Amino acid sequence: MTATSVRVTCTHDCPDACSAIVSVADGVAIGITADSSHPVTGRHLCSKVDRYLERVYDHKRLATPLQRVGPKGSTEFEPIGWDEALDLIVDRWRLIIDESGPEAILPFSYLGNMGALSAFGPSFALFNRMGASNLERAICGGQALAINRAMGAVQADPELLPESELIICWGIDVVSTSIHTWDLIRRARSNGARLVVIDPYRSATARRADHHLAIRPGTDGALALGLAQAMIDQGLTDPAYIDDFTAGFDEFADHVREWTPERTAAVTGLGADEIVDLACSYAAASPATIRFGVGMQRADGAGMAVRAIQCLPALAGHWRHRGGGIVNGRTMTMLGFEKLWGPGPGDRRTINMIQLGRALTDPHLAPPIRSLFVWNSNPAVIAGDQNRIIEGLGRDDLFTVVHDLFMTDTARYADIVLPAPSMLEHDDLVGSWGFNYVSINRAAIEPLGQARPNSEVARELARRLGYDDPVFAMSDRALIRHCLDGSAAESAGASYARLVDEGFVHLDHPGGTLPFAAGGFPGSADGRFEFRSDRFDEAFGLGPLPRFVEPGESPESRPDLAERYPLRLLTLKRPHSINSSYGDLPVLRGAEPHLAIELHPDDARARGIADGERIAAFNDRGRVEGRAAVTDAVQPGVVVVPFGRWLDGGQGANALTSDRLGDLGGGPTFCDALVEVESEIGLDPTGAHPRTS
Ligand SMILES: Nc1nc2c(c(=O)[nH]1)N[C@H]1C(S)=C(S)[C@@H](COP(=O)(O)OP(=O)(O)OC[C@H]3O[C@@H](n4cnc5c(=O)[nH]c(N)nc54)[C@H](O)[C@@H]3O)O[C@H]1N2
Ligand SMILES: Nc1nc2c(c(=O)[nH]1)N[C@H]1C(S)=C(S)[C@@H](COP(=O)(O)OP(=O)(O)OC[C@H]3O[C@@H](n4cnc5c(=O)[nH]c(N)nc54)[C@H](O)[C@@H]3O)O[C@H]1N2
Ligand SMILES: [Mo]
């Protein structure tokens, strides 16, 4: 028996969008390796996709549609046929639409599969056509996305990172979350570059840095303003760049004057010298490059922090040089998938996905949400205020459908569960959100069991509802062609024929290798970077100049709450899972058999907690149990609870987070919450009285 090779594209929600080669023998995938012809993927995949076949062939994969026969939240289901399942869904939806209107139906999805067809395609068209409630999908980097949308993206090609002299990873843990960005940083370092990491936690990336600034969570805006002030004060800016290519500098300089190193140090918890040193080395590098991540967009003031960070390369003139400025890719927005959607949300009710729990339990919401259709997401684990979500999902009068590969914590609460394919089992078109590639994903094997891709489920539901829009009649390959036809990606060289032939196509970064060397900033009247921006103020109502917005739940902003819950919570992603995918698989469970709650030795000592003992982190919203990991990787006053693990219906990191939205763009505040930690040993089983030492 000879094996054949099929090139696939990883559809996990990750900036890297790797290309991989799957060997297939007798219809069975028997190996997966990196496609080293892909310049970003290079010679290796991540620890998850290395073991992707375990996920594909895991015995817990859903094989058939299921109907609930036990109480919600139990796993009592019985197999039913696809036709029966789809008919049941459509019958219920017709009734709900008749009685309460289509807004009583809420689609809920994110990027569990990043493919254009699986993530957006016909499923968006279905719910738009229906007039269902609209879901605001701002849970990831909603703040930077909103700024880019309103102001234009201010970023250069990440593949130029090796040409930088100083790289700042700002609230991003690339060693865990984008290993191919780490490859590029390693190349830069072998060329002599320095790496600075700004992160409240000594992450895997911070451990490898030349300098780690352990900032107080949620104070990045203050640090950016302090760096600007120090550069201006010490005469380290690029006055010619400022004169020629920016606007509003004088007002900005005046505005940041109050951010002296001392004041910045007091707010951020860093040393005043450390701040001035970074300003000096940042200004002196030729060039310096910032890669900011989603991790710094987890506090109330994160939008303003992004805006303040964007001012730094313009001050120092780093945009003059290849690889300088701020880097990120953006091909995802160059695929024409909006064409598939039909009418946009219009004036339909919009519900922010972070606030699902609130929406499901609000007695005044009119119409109430009577049906929830979930695909590509696991809301019981990933959205804020988990206990409220579970309460909502438990409503007997809520008709929930979940389409997934596994019986997730959300699927347990479904009335109907539908089996989905793995990325090896369907065709798709993939844009990367971290690099400038467009790729095609070709099915390497037939769907396992009765799994059906998202696009097909949407088509079948549309057909039963009598929707005859042309997109619902297109096959997946026709949809891929339709997305590409006339799209920005196609004009830049990513034609269907080339993608089929080559698997992936590199697109030039918009503006080329020096997008802002001579201005050219999008959207401003004369292409100048706006230190003062009335457009920003018009879009967000937060004033034209960047300013520091305090964390919403810190000892400083909420001293009342800090009396009971004095510790700040970080909820962090795991190297061996992707969000909650793998949360129940051996890849993660093997690497992390226990849920480890990390805290500083001082905080452990004050509470009589020993390393390895059973503890709980809690606040008014919830309680998470785990084992203490006492470590100075966390700063005093901070607690880390890992995010993404399934707890078989129990409470996870998001039981402690709130569903409060940040300053702009509807982004989350998942690392802006207060908690307390206590030992569970010696706890009175009837009450929550901590052992005193
Ligand atoms: N292995 C793995 N890879 C992934 C994922 C995964 O779950 N696992 N998820 C994927 C997804 S969806 C995304 S969006 C990306 C995200 O990847 P990243 O952008 O790296 O985001 P996070 O991992 O959430 O957080 C990165 C770091 O931000 C720090 N941080 C938290 N709060 C603050 C703060 O207030 N200020 C600063 N400066 N830093 C802060 C955290 O301590 C953490 O070390 O990764 C993708 N890749
Ligand atoms: N506290 C806290 N919360 C967070 C974060 C954090 O750092 N801290 N990070 C946030 C971020 S950045 C993100 S992006 C979100 C991620 O949240 P989600 O997008 O919900 O990500 P996952 O938890 O991986 O869930 C994706 C689900 O899609 C399923 N899936 C995969 N492929 C397919 C397919 O083809 N079809 C169907 N129907 N299903 C499929 C997977 O099996 C998995 O169950 O979580 C956010 N929540
Ligand atoms: Mo994300």
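Owing to the predicted nature of the structure, the values given are computational and were not obtained by experimental measurement. First listed ligand is number 1; within each ligand, the first listed atom is number 1.
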List the closest protein heavy-atom neighbour of [atom]: residue, atom name, distance to the nearest 0.1 Å.
atom: atom 38 (N) of ligand 1; answer: D220 OD1, 2.7 Å
atom: atom 27 (C) of ligand 1; answer: D199 OD2, 3.2 Å
atom: atom 19 (O) of ligand 1; answer: V294 N, 2.8 Å
atom: atom 2 (C) of ligand 1; answer: S577 O, 3.1 Å
atom: atom 31 (C) of ligand 1; answer: G295 O, 3.2 Å
atom: atom 14 (S) of ligand 1; answer: C140 SG, 3.1 Å
atom: atom 7 (O) of ligand 1; answer: N579 N, 2.7 Å

Indicate yes or no: does an N/O atom of [X] lie under 3.5 Å from an N/O atom of ligand 2?
X: T571; result: yes
X: K573; result: yes
X: T408; result: no
X: H426; result: no

Between CD1 on residue I172 and OG1 on residue T205, distance to nearest 0.5 Å: 8.0 Å
Nearest-0.5 Å distance that lies between atom CE in M296 and atom SG in C169: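 Reported value, rounded in 0.5 Å steps: 13.0 Å.
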Salt bridge flag under 4.0 Å for residues D173 and K573: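 No, D173 and K573 are not salt-bridged.
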R459/D476 salt bridge by N-O under 4.0 Å criterion: yes
So if I count the atoms of ligand 1 from 1 in the order they appear, which ones are less than 4.0 Å from some heavy atom of [X]?
X: Y201; answer: 42 (O)
X: S176; answer: 1 (N), 2 (C), 3 (N)
X: P217; answer: 35 (O)
X: G218; answer: 34 (C), 35 (O)
X: P575; answer: 1 (N)
X: S203; answer: 44 (O)
X: G293; answer: 19 (O)
X: D13; answer: 10 (C), 11 (C), 12 (S), 46 (C)

For ligand 2, the portion of L111 having any non-hydrogen atom under 4.0 Å away: backbone
Residue part near ligand 2, for M423, under 4.0 Å between non-hydrogen atoms: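 None of M423 does.
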With atoms numbered from 1 as shown, which atoms in ligand 2 lie under 4.0 angstrom from a non-hydrogen atom of [X]?
X: L405; value: 30 (N), 31 (C), 32 (N), 33 (C), 40 (C), 42 (O)
X: Y110; value: 14 (S), 19 (O)
X: A420; value: 36 (N), 37 (C), 38 (N)
X: P421; value: 35 (O)
X: I578; value: 24 (O)
X: G112; value: 19 (O), 26 (C), 28 (O), 31 (C), 32 (N)
X: S377; value: 18 (P), 20 (O), 25 (O), 26 (C), 27 (C), 28 (O)

Using a plain distance cutoff, I'd like to know if [X] has any nitrogen or oxygen under 3.5 Å from a nitrogen or oxygen of ligand 1.
X: S178; answer: no
X: W433; answer: no
X: T219; answer: no

Proximity of A206 to ligand 1 by residue part, where a heavy atom lies under 4.0 Å: neither
Proximity flag R55 to ligand 2, non-hydrogen atoms under 4.0 Å: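 R55: in contact with ligand 2 (<4.0 Å).
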Any H12 heavy atom less than 4.0 Å from ligand 2: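 It does not; every heavy atom stays at 4.0 Å or beyond.
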Taking [atom] as the point of reference, which of [options] owns the nearest heavy atom?
atom: atom 3 (N) of ligand 2; options: N654, T669, N376, T11; answer: N654
atom: atom 44 (O) of ligand 2; options: D404, N378, N113, D409; answer: D404
atom: atom 36 (N) of ligand 2; options: T657, N454, V457; answer: N454
atom: atom 47 (N) of ligand 2; options: V374, I382, T177; answer: I382

Contacts of type side chain to side chain contact (heavy atoms under 4.5 Å, CB included), residue A224, not counting sequence neighbours: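 W170, A308, I309, L312.
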Ring-face cation contact, Y582 with R55, 6.0 Å cut, 45° max: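 Verdict for Y582: a cation-pi partner in R55.
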F670 ring center within less than 6.0 Å of F643 ring center: no
Any donor-acceptor N or O pair under 3.5 Å, side chains Y565, E553: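 Short answer, no.
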Side-chain donor-acceptor pair present, S47, D50, cut-off under 3.5 Å: no
E446 atom CD, over 12 foreign heavy atoms within 6.0 Å: no
Minimum heavy-atom distance A29-L424, with the two atoms named: CB-CD1, 3.9 Å
